[in-house]
Amino acid sequence: MPTLNLQHLNKHYGKKHALKDFSFTFQNGVYGLLGPNGAGKSTLMNLITDNLKPDKDGGQVLWDGAPIQKLGKHYRARLGFMPQQQELYANMTAQDFLDYLCALKGIPKKSAKEEIQRALEQVELSGDAKGKIGGFSGGMKQRLLIAQSLLGDPDLIVMDEPTAGLDPKQRVIIRNLTDKLGQNKIILISTHIISDIETIADQILLIREGELLTHGTVPELVERVEQGEKTLENLYMQYYGGDANAVG
């Protein structure tokens, strides 16, 4: 079973201490990252995906005990990342886009066709494989971004707001898919839709000002609610105040 181990991660942007001595170990399962805007979730995800480096002597990210910087392309081959921004090529078809991503990921051509078909089926876009991305709805683009994160059957998938822009039916599709994938992969999800994550997360991490406040299963966490109904939304408000659905 693969293990992702974060050891005392620190990251500064100038004088701003964006991530503070962050440590956690992930194994197979679905993990939700919750916290307001500026909490450090995006910094954390970018360190895990090796898009950012920690501070000098600012800790390290280990994959099965080895630093990801040393593993390089071997680590990236086991990683799937779904960014929040929909920066897609409008004139490409969905199939061409995924074929392009297969090439970037080093997936052999003989395997790419099967990989693309499998990924599109998982997000229910098989019938739109030859459609131009420019004509896709926001929800279809979101599902295509999820599809590209599944190419190569990665062991670690990091998703930034995967259900943003999806209608209720599409959200259920993605929620069920994520739940199934988490049985033999590490899935990290940053989301502002608490109801989506509380039904499938094996653990939830609450982050504030770059620090890990607490973590646990949903039943464990909601027992900490001091006032009102024991829900994850009320726990969020207890820790952060404000609107529980305004999570960044």
Side-chain angles (χ1 to χ4, degrees), residues 3-11 16-49 59 82-84 142 146 156-168 170-183 185-248:
T3 300
L4 177 70
N5 184 221
L6 313 183
Q7 293 189 337
H8 305 289
L9 289 179
N10 284 273
K11 182 64 181 178
K16 178 177 172 56
H17 200 172
L19 208 64
K20 303 172 184 176
D21 198 37
F22 198 104
S23 296
F24 198 82
T25 298
F26 301 90
Q27 292 184 313
N28 285 355
V30 178
Y31 299 82
L33 306 178
L34 289 180
N37 287 325
K41 301 189 306 298
S42 294
T43 297
L44 180 63
M45 287 188 292
N46 278 305
L47 288 170
I48 290 170
T49 55
M82 184 223 150
Q84 184 178 358
Q142 199 77 347
I146 294 171
L156 168 63
I157 300 176
V158 180
M159 297 180 173
D160 192 357
E161 301 285 358
T163 57
L166 302 185
D167 63 31
Q170 293 170 332
R171 282 168 56 194
V172 170
I173 291 169
I174 299 307
R175 198 160 60 214
N176 291 342
L177 171 61
T178 305
D179 190 27
K180 183 179 178 182
L181 289 171
Q183 295 173 21
K185 300 179 188 296
I186 299 171
I187 313 288
L188 274 59
I189 300 175
S190 174
T191 180
H192 74 284
I193 304 173
I194 293 176
S195 59
D196 276 356
I197 197 64
E198 69 180 336
T199 58
I200 60 171
D202 295 291
Q203 283 211 57
I204 289 179
L205 287 69
L206 276 72
I207 304 170
R208 182 171 63 196
E209 296 180 351
E211 295 183 286
L212 178 59
L213 285 181
T214 188
H215 64 89
T217 65
V218 172
E220 288 170 348
L221 291 173
V222 298
E223 281 303 312
R224 302 175 195 175
V225 174
E226 296 172 358
Q227 292 184 339
E229 189 178 356
K230 292 187 180 297
T231 64
L232 199 56
E233 285 90 346
N234 282 340
L235 183 73
Y236 180 87
M237 293 182 72
Q238 181 175 303
Y239 275 107
Y240 306 108
D243 179 19
N245 285 318
V247 185

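Hydrogens, waters and symmetry mates play no part in the numbers below; they use all other heavy atoms, side chains included. For reference, positions follow the sequence shown, starting with 1.
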inquiry  = One pair to check against side chain to side chain contact (heavy atoms under 4.5 Å, CB included): V30 and I187. What are the steps and the verdict?
reply    = CA-CA 5 Å; V30 178; I187 313 288; 4.2 Å; yes
* Can you list the steps and then say if L221 with L206 is a side chain to side chain contact (heavy atoms under 4.5 Å, CB included)? -> CA-CA 10 Å; L221 291 173; L206 276 72; 4.0 Å; yes
Given side chain to side chain contact (heavy atoms under 4.5 Å, CB included), test I48 with L156 step by step and report yes or no. CA-CA 10 Å; I48 290 170; L156 168 63; 4.1 Å; yes
Pair F24, F26 - check ring pair (Phe, Tyr, Trp, His ring centres under 6.0 Å), show working.
CA-CA 7 Å; F24 198 82; F26 301 90; 4.7 Å; yes
Practice task
Applying side chain to side chain contact (heavy atoms under 4.5 Å, CB included), run through N46 and K11 and close with a yes or a no.
Solution key: CA-CA 11 Å; N46 278 305; K11 182 64 181 178; over 6 Å; no
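Closest heavy-atom contact between E198 and E233: OE2-OE2, 3.9 Å. Of all heavy-atom pairs spanning M82 and Q142, the tightest one is CE-NE2, 3.4 Å. What you find for Q238 and E226 is that their closest heavy atoms are OE1-N, 2.7 Å. Residues L33 and K41 share a closest heavy-atom pair of O-CD, 3.6 Å. Heavy-atom minimum distance, R171 versus T163: CG-CB, 3.8 Å. Here the closest heavy-atom approach between residue L19 and residue L44 is recorded as CD2-CD1, 3.9 Å.
Contact annotation: the side chain of Y236 approaches that of P36 to within less than 4.5 Å [non-hydrogen atoms, C-beta and beyond]. V218 has its side chain within reach of I204: a pair of non-hydrogen atoms, C-beta onward, lies under 4.5 Å apart. Contact check for F22 versus L47: no side-chain heavy atoms found under the 4.5 Å cut-off.
A donor-acceptor contact shorter than 3.5 Å is absent between the side chain of K20 and the backbone of G210. With hydrogens and angles disregarded, no donor-acceptor distance shorter than 3.5 Å links the side chain of E211 to the backbone of R208. Using a distance-only test at 3.5 Å, with no hydrogens or angles considered, a donor-acceptor pair links the side chain of N10 to the main chain of H8.
Interatomic distance, CG of L232 versus CZ of R224, reported as 11.0 Å (0.5 Å rounding). Between atom CG of residue L205 and atom CG of residue L188 there is a gap of 8.0 Å, rounded to the nearest 0.5 Å. The OG1 atom of T178 sits 8.0 Å away from atom CD1 of I157, with the distance rounded to the nearest 0.5 Å. We find the OG1-CD1 distance between T191 and I197 to be 6.5 Å, quoted to the nearest 0.5 Å. Atom-to-atom distance recorded for S190:OG and M159:CE is 12.5 Å, nearest 0.5 angstrom. Rounding to the nearest 0.5 Å gives a distance of 7.0 Å between OH of Y240 and CG of L34.
Summarising the local packing, CD of Q7 is surrounded by more than 12 heavy atoms from other residues, nucleotides or ligands at distances under 6.0 Å.
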